[in-house]
Amino acid sequence: MSTLIDRYVACWNETDPEARAKAVAELWTEDGTYTDPLADVSGHAGIARVIEAAQGMFPGLVFTPGDLYDSHHHIARFTWHLGPEGGEPVAVGFDVVELAEDGRIRKVLGFLDKVPS
């Protein structure tokens, strides 16, 4: 499970558009979806755009895994942090993912537990 989360967080931190597109394609199914309070997209291009938009909203900040990791069957949940490298997070979230048979992400349902004011 930690490998999936590490790859997921790395994808959200990837700033090179080509490398990010490749990471998204490797991690999500072609019809994969991502939904949170600010976005509802499907497909690799849509997911890559959401990641790019998040990076634009929070320049210089990085995503890191949080403390909660849990999974069963084809479902996983975990927390993440967004903040300065090695610093206090300005945002904290909780994601639930549904995995396809091949282990890639089919669906992400994201929740924001702490957001910047």
Side-chain angles (χ1 to χ4, degrees):
M1 177 50 62
S2 64
T3 300
L4 172 72
I5 297 165
D6 291 342
R7 291 175 58 213
Y8 182 83
V9 167
C11 194
W12 280 87
N13 287 327
E14 181 55 64
T15 57
D16 177 80
E18 289 182 25
R20 182 174 47 245
K22 182 178 184 217
V24 167
E26 290 173 354
L27 193 56
W28 269 272
T29 60
E30 291 79 9
D31 61 345
T33 62
Y34 177 86
T35 304
D36 72 12
L38 305 173
D40 187 12
V41 298
S42 64
H44 294 163
I47 294 165
R49 279 193 304 274
V50 166
I51 293 170
E52 182 178 19
Q55 292 174 356
M57 289 175 59
F58 303 103
L61 301 183
V62 295
F63 288 90
T64 55
D67 300 325
L68 175 67
Y69 307 92
D70 191 17
S71 68
H72 63 81
H73 298 89
H74 62 281
I75 304 292
R77 65 180 179 152
F78 55 90
T79 54
W80 52 262
H81 299 157
L82 174 66
E85 184 96 32
E88 186 69 25
V90 298
V92 175
F94 181 97
D95 287 358
V96 176
V97 299
E98 178 184 328
L99 302 175
E101 293 292 324
D102 65 3
R104 290 189 297 163
I105 296 171
R106 174 177 289 134
K107 180 187 295 188
V108 175
L109 301 172
F111 297 86
L112 303 175
D113 297 324
K114 175 184 174 185
V115 294
S117 49

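The shown structure was predicted, so the numbers you read here are calculated from the model rather than taken from an experiment.
In this structure a side-chain-to-backbone donor-acceptor pair under 3.5 Å is present from T79 to L68. The backbone N or O of P89 sits less than 3.5 Å from a side-chain atom of K114, completing a donor-acceptor pair. Remark: the backbone N or O of A21 is not paired with any side-chain donor or acceptor of E14 at under 3.5 angstrom. The backbone N or O of W28 sits less than 3.5 Å from a side-chain atom of H44, completing a donor-acceptor pair. Using modelled atom types, one side-chain atom of N13 and one backbone atom of F63 make a donor-acceptor pair closer than 3.5 Å. Not a single donor-acceptor pair under 3.5 Å links the side chain of E85 to the backbone N or O of L61.
When side chains are defined from C-beta on, I75 counts as touching V96, because their heavy atoms get closer than 4.5 Å. Put simply, the side chain of E26 reaches to within 4.5 Å of the side chain of R7, judged on heavy atoms. In this structure, the side chains of P116 and F58 come closer than 4.5 Å at one or more pairs of heavy atoms. When side chains are defined from C-beta on, I105 does not count as touching T33, because their heavy atoms never get closer than 4.5 Å. Residues Y34 and V50 form a side-chain contact, since some pair of their non-hydrogen atoms from C-beta on lies under 4.5 Å apart.
Enclosure of atom CG in D102 by more than 12 non-hydrogen atoms of other residues, nucleotides or ligands within 6.0 angstrom is indicated.
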ask   = Taking it one step at a time, do E18 and K22 satisfy salt bridge (charged side-chain N to carboxylate O under 4.0 Å, His left out)?
value = CA-CA 6 Å; E18 289 182 25; K22 182 178 184 217; over 6 Å; no
Quiz item: How far apart are the C-alpha atoms of K107 and L109, what are their side-chain angles, what is the distance that settles it, and do they pass the side-chain contact (heavy atoms from CB on, under 4.5 Å) test?
Solution: CA-CA 7 Å; K107 180 187 295 188; L109 301 172; 4.1 Å; yes
side-chain contact (heavy atoms from CB on, under 4.5 Å) evaluation trace for D95 with W80:
CA-CA 8 Å; D95 287 358; W80 52 262; 3.1 Å; yes
Should V97 and R77 be marked as a side-chain contact (heavy atoms from CB on, under 4.5 Å) after you check the CA-CA gap, both sets of side-chain angles, and the distance that decides it? CA-CA 6 Å; V97 299; R77 65 180 179 152; over 6 Å; no
Q.
For R20 and R49: C-alpha separation, side-chain torsions, deciding distance, then whether side-chain contact (heavy atoms from CB on, under 4.5 Å) applies.
A. CA-CA 10 Å; R20 182 174 47 245; R49 279 193 304 274; over 6 Å; no
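With sequence neighbours excluded, the residues forming a side chain to side chain contact (heavy atoms under 4.5 Å, CB included) with R106 are T29, E98, A100, listed by chain and number. Legend: residues meeting salt bridge (Lys or Arg N to Asp or Glu O under 4.0 Å) with E52, ordered by chain and number and at least two apart, are absent.
Side-chain polar atoms of D6 and Y8 form no donor-acceptor pair below 3.5 angstrom.
Considering all non-hydrogen atoms of both residues, L27 and C11 come closest at CD2-CB, 4.2 Å. The heavy-atom pair separating P65 from I5 by the smallest distance is CB-CG2, 4.1 Å. What you find for P37 and G110 is that their closest heavy atoms are CD-O, 3.5 Å.
Taken together through direct or relayed side-chain contacts under 4.5 Å among Ile, Leu, Val, Met, Phe, Trp and Tyr, V108 and V92 form parts of separate hydrophobic clusters. V9 and L4 end up in the same hydrophobic cluster when Ile, Leu, Val, Met, Phe, Trp and Tyr side chains are linked at under 4.5 Å. Criterion: ILVMFWY side-chain heavy atoms under 4.5 Å apart, direct or through other members. Under it, V24 and V41 are part of a common hydrophobic cluster. Linking ILVMFWY residues whenever their side-chain heavy atoms come closer than 4.5 Å, directly or via other members, places W12 and L82 in the same cluster.
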